[in-house]
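Read through the structure below, which is laid out as structure tokens, and then see the notes.
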Amino acid sequence: MDPKFLISPSSPLGLPASFWFIELFKVLGFTLHMVPMHLWYAGLILALFLRSKGSENGKCLGARLMNAMPILVAAGVNFGIVPLLFTQVAYYKVFYASTILMAWPWFSIIPMLTIAYYGVYIYATALRKDSDRIPPISQAVGWVSGFIFLAIGFLFSNQFSLMVRINAWPGLWQKTSLAGAPLGIALNLSDPSLWPRWLLMFGLALTTTAAYIVWDTAFFASKESDAYKCWAIRFAQRVYSFGILWFAVFGSWYVFGSWTEDLRREMFSIPLVYQTALTAIVPALPWLLITAQRRRITPMLALLTGLAQFGVLALNAVSRQTVQNAELRPYLNPSAEAVKTQWGPLILFLVLFAAGIAVVCWMVGKALEASRKPAMAG
Amino acid sequence: MHYPWWYVPFLTAPMLIAIVSVLHMFVSHYAVGGGLFLAVETRYAYRNQNRNYLAYLKDHAWFFILVTVVYGAITGVGIWWTIGLASPLATETLIHAFVFGWAMEYVFFVLEIASAFIFYYYWGRLEARTHQVIGWIYGISAWISLVLITGITGFMLNPGSWPRNHNFWLGFLNPQFLPQTLARTGGSFLLASLYVYLHASFKVKEADLRRLIERRSARPALLGAVLVVLGGLGWFVFLPESAKAALAAASVLNVLMVVIFAITAAVFVMLYMGPYRNPGWLSPGFAILLFAFGMGAIGTGEFLREAVRKPYILYNVVLGNQILPEEIPKLRKEGYLEGGTWTKVFIKAQYPQAMTDDNVDPAKLLALPNADQVKVGEVLFKYHCNDCHAGQMGYSALGQATQGWTPEMIRAVVKEPEKTRFFMPPWCGNDDEAELLSKYILSITLPHPSGMYYGNGK
């Protein structure tokens with residue numbers, strides 16, 4: 001069975017914008033999604049661990065992370081819509097078929113996410129009521145949420161590895177179908193890239209969590225003691241170091257243990273080798289910035305740490321996109337699709353996008369301004 | 001058929017869309033109306049310096065966030081998730097036609113989330129005026145989201161002239177756009193008040209405050225009920241002819257239509273007699289009853305909206321069984337199994353002896369042993385019919401629908417289903433494939449129920 005015959009035909013409607021535009025928003029959206037997603041992916045588990053086993057400062061940091069978690073989950077879900085939307089525009093030929101093969105696990109993400117999100121609220125509400133005595137049931141719910149988020153990450157890794165592993169489709173389809181119709185119970189477990197892909201994201205998530213701790217300490221922890229701030233920055237450095245190590249181990253496994261010869265040759269040849277090398281070493285920059293603040297945290301360096309970490313994530317997203325396109329090339333060339341640009345809606349979207357960012361900035365500015373004032377009546 | 005068909009036993013995959021959609025609608029209208037309620041009422045409470053009412057509104061805002069930002073937002077994504085699995089070609093078409101509509105809706109969704117959190121978490125810390133402005137940013141963003149989504153859902157029922165020109169705006173501003181926007185706006189006012197009543201009836205003990213809440217929410221609720229009826233009438237007027245005929249012909253649908261109008265009228269009367277004319281009536285029982293009626297109306301409406309599109313999932317654009325109407329002549333000529341991306345690969349792998357020059361040869365399929373013919377017929381059933389029919393048992397099961405039919409009756413209906421029932425899609429294969437499908441249906445058809453007396457002594 002030749003898997004290339006399982007690719008669906010092109011849409012008669014064509015792409016609604018140039019491929020580069022769709023790709024740009026897909027990568028930008030994924031980068032934005034990774035920031036809050038990393039904080040619930042690794043940050044939630046870290047916070048729960050600190051709350052149960054940490055020192056006084058650790059407990060304080062755990063509480064700070066958990067208090068922010070409901071908003072972070074909302075932001076992560078929200079930002080995740082963009083890359084999924086643009087994935088479906090450009091990669092529809094492989095996206096839908098791969099999700100249908102694993103339809104039930106893919107569908108289960110919705111109830112799992114709902115449960116995990118409410119779990120976060122249950123924990124955060126208990127924390128707000130009495131941070132010293134969180135009922136065991138709320139603690140358990142928090143841990144369940146943390147593990148559900150890890151499971152959701154595993155399912156995402158499954159889907160996005162299956163989307164490019166088209167030669168795995170026939171086998172999975174034959175094993176899990178009835179009269180040619182998939183039962184939707186397949187998982188891409190035999191894919192050599194699945195486990196390192198999932199695990200390296202956890203390492204990257206740890207680094208983002210560490211960068212967030214630096215930001216939080218520098219800009220939002222004015223009411224905390226100096227001792228806490230000192231401890232937090234050192235702890236962030238340890239978390240970042242561990243994250244880099246984890247990222248290096250599983251990133252190496254991913255690159256050297258799961259990439260095909262052809263893919264490795266492509267990613268290690270000029271000019272892509274610069275991108276590959278930069279993706280591997282760039283986490284050192286935020287690490288250096290955090291290390292420079294070990295004695296004293298400064299707003300400028302904290303700002304640079306955040307920006308550098310955003311750069312790490314953006315480069316990672318770009319490299320992922322490059323690898324995805326290379327893996328799909330034998331079967332699919334989305335950039336060759338006919339383009340029928342919808343100029344009016346496109347321009348209106350860009351105008352609204354810019355206006356939306358301005359309004360969000362205004363609201364956040366007002367919120368920051370208000371957070372510096374004492375509470376008013378009302 | 002461009003994609004694999006997800007087989008969901010008993011229920012059928014598209015029924016999952018209906019379930020997730022209805023579950024989402026219970027909250028999505030509240031996400032709009034509740035936001036406008038909070039914006040209007042916070043302004044009222046600030047202006048009158050009513051601290052009690054402000055405290056209640058803060059409490060309600062927390063409830064609102066828990067319900068809409070978590071459940072509402074995730075089930076909204078869930079609809080999209082499910083349609084991609086159960087109707088991939090329709091989703092592909094919608095995404096290519098309206099990606100920037102969705103992208104715009106996303107911008108307003110971001111505004112909703114950001115404003116909702118700031119509105120609640122900075123309550124009492126923001127200047128009153130800023131607080132109100134942020135409340136309005138939420139309310140307006142939520143309503144614009146409703147408008148943007150309604151353009152797309154209206155398109156699904158009546159795409160207007162879009163199939164001829166593929167113009168975004170002509171598709172978006174379709175004949176169903178205004179009536180559905182009106183009905184959904186009304187629905188959001190109405191449901192928001194019912195949520196407020198439900199919440200207040202349990203949370204507010206002070207009689208004066210409870211009466212104030214009843215009175216303040218009664219007018220928008222009554223206005224909402226009127227808008228639902230007006231929008232509903234417009235919806236009916238601008239339905240395609242076949243959808244109107246389906247409503248009239250299918251007893252379940254016309255009963256449901258009457259049920260919606262009856263429930264809305266009942267809710268109107270209850271609101272008028274209760275909170276509007278006699279504030280103080282509100283008890284948890286009364287609020288639960290109102291709420292249940294409101295949910296009943298909205299759930300029934302959503303089910304009806306899905307059902308009247310048949311045989312299309314996107315009217316005149318994509319059939320429910322994931323076929324483009326313009327593909328039908330080719331499929332009839334060359335064969336359904338040959339034309340389907342996954343069906344062709346399946347036949348080639350399972351029955352290579354039925355291939356001629358790398359094409360599926362239905363005549364050779366008919367030469368297979370009978371058991372294999374039935375199996376191939378099952379493939380045709382899954383890819384051609386399973387979007388509406390379960391197999392032997394389940395939702396609209398074919399085994400039950402054809403109970404007691406003769407082989408001739410089955411063959412006749414398989415060849416021209418659209419002539420038997422105009423809300424069924426036409427047969428999209430050739431005669432040999434129709435025979436294979438008939439054999440499969442015969443294998444699952446239930447016998448005529450015994451013990452029925454027809455006056456002939458048997």
Side-chain angles (χ1 to χ4, degrees), chain A residues 1 5-9 11 13-16 71 74-75 77-78 81-82 85 88-89 92 96-97 99-101 103 106-107 109-110 113-114 117-118 121 173-174 177-184 340 342 344-346 348-349 352-353 356 359-360 363-364 366-367 370-371 373 375-378, chain B residues 2-7 16 51 54 66 69-71 73-75 77-78 81-82 84-85 88 91-93 95-97 99-104 106-107 109-111 113-115 117-118 122-126 128 130 134 137 166 168-169 341-346 349 375 378-379 382-383 386:
Chain A
M1 197 185 285
F5 293 114
L6 294 175
I7 308 284
S8 76
S11 167
L13 299 178
L15 295 180
I71 295 171
V77 171
N78 199 301
I81 292 171
V82 180
L85 181 64
Q88 290 187 45
V89 176
Y92 61 99
Y96 295 121
T99 55
I100 289 167
L101 286 171
W106 185 244
F107 180 75
I109 288 174
I110 299 301
L113 185 58
T114 310
Y117 197 176
Y118 274 119
Y121 264 106
W173 179 33
Q174 278 179 326
S177 65
L178 192 68
L183 294 166
K340 294 175 187 168
Q342 298 174 1
L346 187 152
L348 184 58
F349 159 63
L352 289 172
F353 185 66
V359 174
V360 169
M363 288 193 291
V364 171
K366 288 289 176 188
S371 62
K373 290 180 193 167
M376 289 182 288
Chain B
H2 302 191
Y3 294 103
W5 178 254
W6 179 25
Y7 175 57
L16 288 175
R51 285 172 185 272
L54 268 178
L66 281 182
V69 173
V70 185
Y71 175 90
I74 297 175
T75 51
V77 177
W81 223 254
T82 320
L85 294 169
T91 312
E92 173 204 304
T93 305
I95 293 235
H96 281 81
V99 65
F100 293 114
W102 260 303
M104 285 181 239
Y106 166 76
V107 171
F109 187 43
V110 171
L111 285 173
I113 298 285
S115 55
F117 280 127
I118 293 172
Y122 288 86
W123 195 298
R125 286 194 278 177
L126 290 165
T130 309
I134 288 172
I137 289 172
H166 291 183
F168 176 96
W169 295 111
T341 305
W342 288 64
T343 51
K344 180 174 179 175
V345 174
F346 180 82
K375 281 182 186 167
E378 190 179 358
V379 176
K382 293 277 193 298
Y383 277 81
N386 188 227

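In the text below, chain A, chain B and the rest are named by the order of the sequence lines, each starting its count at 1. Just so we're clear, the structure is a prediction, and the values are computed from it rather than from any experiment. Any value given below was found using the heavy atoms of this structure, including those in side chains, with hydrogens, waters and symmetry copies removed.
Proximity to chain A involves both the backbone and the side chain of Tyr71(B), based on heavy atoms less than 4.5 angstrom apart. For Ile137(B), the part lying near chain A is the side chain, with the backbone staying farther off; criterion is any non-hydrogen pair under 4.5 Å. For chain A, the nearby parts of Ala97(B) are the backbone and the side chain; heavy atoms of each come within less than 4.5 Å. For a residue to count as touching a neighbouring chain, one of its non-hydrogen atoms must lie under 4.5 Å from one of that chain's; by this rule Thr93(B) touches chain A with backbone and side chain alike. In this structure, the portion of Tyr121(A) lying under 4.5 Å from any heavy atom of chain B is its side chain and not its backbone.
Interatomic distance, Ile110(A) CD1 to Thr75(B) OG1, rounded to the nearest 0.5 Å: 8.5 Å. If you take CH2 on Trp342(B) and CD1 on Ile7(A), they are separated by 8.5 Å, rounding to the nearest 0.5 Å. In this structure, the separation between CG on Leu178(A) and NZ on Lys382(B) is 4.5 Å, given to the nearest 0.5 Å. Taken from OH in Tyr7(B) to OG in Ser177(A), the straight-line distance is 12.0 Å, to the nearest 0.5 Å. Atom-to-atom distance recorded for Tyr106(B):OH and Phe353(A):CZ is 7.0 Å, nearest 0.5 angstrom. The structure places CG of Asn78(A) at 9.5 Å from CG of Leu111(B), a figure rounded to the nearest 0.5 Å.
Ranking Thr130(B), Leu16(B), Val69(B), Val70(B) against chain A, the residue ahead of the rest is Val70(B), based on heavy-atom pairs under 4.5 Å. Ranking Leu183(A), Val364(A), Leu346(A), Ile109(A) against chain B, the residue ahead of the rest is Leu346(A), based on heavy-atom pairs under 4.5 Å. Taking Val360(A), Thr99(A), Ile81(A), Leu15(A) one by one and counting their heavy-atom pairs under 4.5 Å with chain B, the maximum is reached by Ile81(A). Between chain A and the options Trp5(B), Phe109(B), Tyr3(B), the largest number of non-hydrogen pairs under 4.5 Å is found for Tyr3(B). Ranking Gln174(A), Gln342(A), Lys366(A) against chain B, the residue ahead of the rest is Gln342(A), based on heavy-atom pairs under 4.5 Å. The candidate from Ala349(B), Ser115(B), Ala73(B) with the greatest count of non-hydrogen atom pairs under 4.5 Å with chain A is Ser115(B).
Using the six-membered ring where Trp is involved, Trp106(A) and Trp81(B) have ring planes that are parallel, under 30° apart on the 30 and 60° scheme.
Side-chain atoms of Tyr118(A) come within 3.5 Å of backbone atoms of Leu66(B) as a donor-acceptor pair (strictly under, hydrogens ignored). No donor-acceptor distance shorter than 3.5 angstrom exists from the side chain of Glu378(B) to the backbone of Gly180(A), with no hydrogens or angles considered. In this structure a side-chain-to-backbone donor-acceptor pair under 3.5 Å is present from His96(B) to Val89(A). Using modelled atom types, no side-chain atom of Trp6(B) and backbone atom of Ala181(A) make a donor-acceptor pair closer than 3.5 Å.
The minimum heavy-atom distance linking Pro4(B) with Ile100(A) is given by the pair O-CD1, 3.4 Å. Scanning all heavy atoms of the two residues, the minimum distance from Ala367(A) to Ile118(B) falls at CB-CG2, 4.1 Å. The heavy-atom pair separating Ala179(A) from Val379(B) by the smallest distance is O-CG2, 3.4 Å. When all heavy atoms are compared, the tightest approach of Gly356(A) to Val107(B) is CA-CG1, 4.1 Å.
By the 4.5 Å heavy-atom criterion applied to side chains, Tyr92(A) and Pro88(B) are not counted as neighbours. With a 4.5 Å cut-off on side-chain heavy atoms, Phe100(B) and Leu348(A) do not count as touching.
No more than 12 heavy atoms of other residues, nucleotides or ligands shown are found within 6.0 angstrom of NZ on Lys375(B).
If you look at His2(B) and Tyr96(A), their ring centroids are not closer than 6.0 Å.
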